[in-house]
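Presented below is the structure to which this report refers.
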Amino acid sequence: MLLILLTAAAYFYFHSQYFLLLTDIGEIPRLRRGIVYLGFIVNYAYFIACSLLEFSLIFNWLFFAFLLFLETLLYNKGNKIGSMFSTLLGIICGLAVNIFCRSVIAILLNLPLQNFDNRTRDIGNLKGFPVMLGFVLAGAAMRIIRRPVLIGRIRLILKHRQNLSFILEMMAGLFFYLFLNLLLYSTPLNDLLLKLWSIKSCLFCVVGFYIAIRYTWRICVLDDYREKNRQIERQLEEQKREEEYLRHQAFLDTLTGLYNRQCAEETLASLMDQKSGFSLCFLDLDGLKNVNDRYGHEEGDRYIRAAAEEIRRACRSGMDSLYRYGGDEFLALFVGMGAAAAEQRVDLINERLQKSASAGEYPYTLSLSYGVVESAEFTDWKELIKTADGKMYEQKRRKQAVKCTHGGQS
């Protein structure tokens, strides 16, 4: 009776440590004592029944594993994968330590392993003491596994479902390897090699289990690093796209949709550094101030948009570029085109603008003054713009002079 009570206390220690381990792994706020106490009563009653009915150790441990899985599943609220992992962990530790204790005591007492099986009615059966010691040591093993470092590793493994199949297969293999060692308890031979083989099997399973856990944990850590790298890459790509968008918005003129002065100057500087050949056309709307004063700024904006669209049509897609340089000023870059050809293009723009006005679409005249220079004649982009600007104003003055002359004659 005393041995039964001591064994019950030893098993309760193992049982409680196992469920405390489940609590730590699952980050459960508090121990679910009702399930723990109920499980202890059911399991220990089962052990007593196995001893009284002298079930084989194979049946004993196989059905115990099934019971423990059901209790673990209930404790984990239906988490099958986590429950399978925890059950195999508890069974491997419990069975390995139990076999180890039986084998060591069999060596010390120089008795066959059969004296430590479930045939409790046989004279000389001594399974009680190694079983009690096994539960105590298995409980101590559970307590060691509950260390924060190991708990952290187990939690990480359980989060990586893609790696769980490997560790579960390894644990199942170790369990069945230990399971087969229970067959040794059916032999009456008092063979030292069998006992040493049994001890070796226990140590092999414990070391193998540790290696499997460590290997899987390292794989999970590497997976986390790869995922973090992918997240950083995605963040960098998103940041790059955002920067490009903001840069695009910073370079964009909201009225016309063209690139603005800052973008024009950066592009010019880059083309000059690359010594690319192009013609720069500086364009200015004629009479915009009068349109604003007479018809309002909305009509003035309409004038700007119409001129911008006509200039855009004259630019070759993928080669030339157009910028709104100021309120009524535009810059057009004609890549690989001479000044004469660029002037012809702008003359065509003026013709189309004048036709729009003649057709009655606008109650005022639409026209552009311009100055064209070739990049090959300059080394500084600022001088390039200054010269083109000067030519534009010279043309504008000529227009004013002609207008005044015609006005004086009339």
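Remember, predicted model here, so these are calculated numbers, not experimental data.
Looking at Tyr215 and Met170, their side chains never come closer than 4.5 Å, going by heavy atoms from C-beta outward. No side-chain heavy atom of Ile219 sits under 4.5 Å from any side-chain heavy atom of Ile157. Put simply, the side chain of Asn260 does not reach to within 4.5 Å of the side chain of Tyr325, judged on heavy atoms. Residues Leu322 and Leu331 form no side-chain contact, since every pair of their non-hydrogen atoms from C-beta on lies 4.5 Å or further apart. Residues Val207 and Ile211 meet the side-chain proximity criterion, which asks for heavy atoms closer than 4.5 Å. Side-chain contact between Thr23 and Tyr75 is present, with heavy atoms from C-beta onward closer than 4.5 Å. The shortest side-chain heavy-atom distance between Leu164 and Leu158 falls under the 4.5 Å cut-off. Side chains of Leu20 and Met142 form no contact here, defined as non-hydrogen atoms less than 4.5 Å apart.
Salt bridge Glu394/Lys391: absent, no basic N to carboxylate O contact under 4.0 Å. Between Glu309 and Arg305 there is no salt bridge, since none of the side-chain N atoms of the basic residue sits less than 4.0 Å from a carboxylate O of the acidic one. Look at Arg32 and Glu71 and you find no salt bridge, because none of the NZ, NE, NH1 or NH2 atoms lies under 4.0 Å from a carboxylate O. Salt bridge Glu238/Arg241: absent, no basic N to carboxylate O contact under 4.0 Å. A salt bridge is defined here as a Lys NZ or Arg NE, NH1 or NH2 lying under 4.0 Å from an Asp or Glu carboxylate O, and Asp389 with Lys386 fails to meet this definition. Salt-bridge formation is detected for the pair Asp284/Lys396: a Lys NZ or Arg NE/NH1/NH2 atom is positioned less than 4.0 Å from an Asp or Glu carboxylate oxygen. Ion pairing between Asp293 and Lys289 holds under the 4.0 Å rule for side-chain N and carboxylate O. Salt bridge status for Arg230 with Glu233: absent, with no side-chain N to carboxylate O gap under 4.0 Å.
For Ile144, the side chain to side chain contact (heavy atoms under 4.5 Å, CB included) criterion is met by Arg147, not counting sequence neighbours. Every residue meeting the side chain to side chain contact (heavy atoms under 4.5 Å, CB included) condition with Tyr177, not counting sequence neighbours, appears here in chain and number order: Asn181, Trp197, Lys200, Ser201, Phe204, Cys205.
For the atom pair CG of Leu89 and SG of Cys93, the computed distance is 5.0 Å after rounding to the nearest 0.5 Å. Rounded to the nearest 0.5 angstrom, Lys355 NZ and Glu310 CD are separated by 10.5 Å. Note that the CG atom of Leu88 and the OG atom of Ser83 stand 11.0 Å from one another [nearest 0.5 Å]. Atom-to-atom distance recorded for Lys382:NZ and Leu268:CG is 12.0 Å, nearest 0.5 angstrom. Ile304 contributes atom CD1, which lies 11.0 Å from atom CD of Glu329 (distance to the nearest 0.5 angstrom). Atom CE of Met171 and atom CZ of Phe209 lie 4.5 Å apart (nearest 0.5 Å).
Note: Tyr303 and Tyr295 fail the aromatic proximity criterion, with ring centroids not under 6.0 Å apart. For Phe135 and Phe47, the gap between ring centers is short of 6.0 Å. You'll find the ring centres of Phe251 and Tyr323 outside the 6.0 Å limit.
Tyr393 and Ser369 are not linked by any side-chain donor-acceptor pair at a separation below 3.5 angstrom, with hydrogens and angles left out of the test. Of the N and O atoms on the side chains of Ser51 and Lys127, at least one donor lies less than 3.5 Å from an acceptor on the other residue.
Exactly one of Phe66, Phe69, Phe175 qualifies for a side chain to side chain contact (heavy atoms under 4.5 Å, CB included) with Thr87. That residue is Phe69. When each of Gln400, Lys399, Gln395 is checked for a side chain to side chain donor-acceptor pair (under 3.5 Å) with Asp286, only Lys399 meets the rule.
Within 6.0 Å of the CZ atom in Phe166, the count of heavy atoms belonging to other residues, nucleotides or ligands exceeds 12. Counting heavy-atom neighbours within 6.0 Å of Gln274 CD, excluding the residue itself, gives a total above 12.
Under the 30°/60° scheme for interplanar angles, the aromatic rings of Phe179 and Phe176 are found to stand perpendicular. The aromatic rings of Trp61 and Phe64 stand perpendicular to each other, their planes meeting at an angle above 60°, with 30° marking the opposite boundary. The aromatic rings of Phe63 and Phe59 sit parallel, their planes meeting at an angle under 30°, below the 60° perpendicular limit.
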Run Tyr364 and Asn290 through side chain to side chain donor-acceptor pair (under 3.5 Å) and show every step you take.
CA-CA 10 Å; Tyr364 46 84; Asn290 292 333; over 6 Å; no
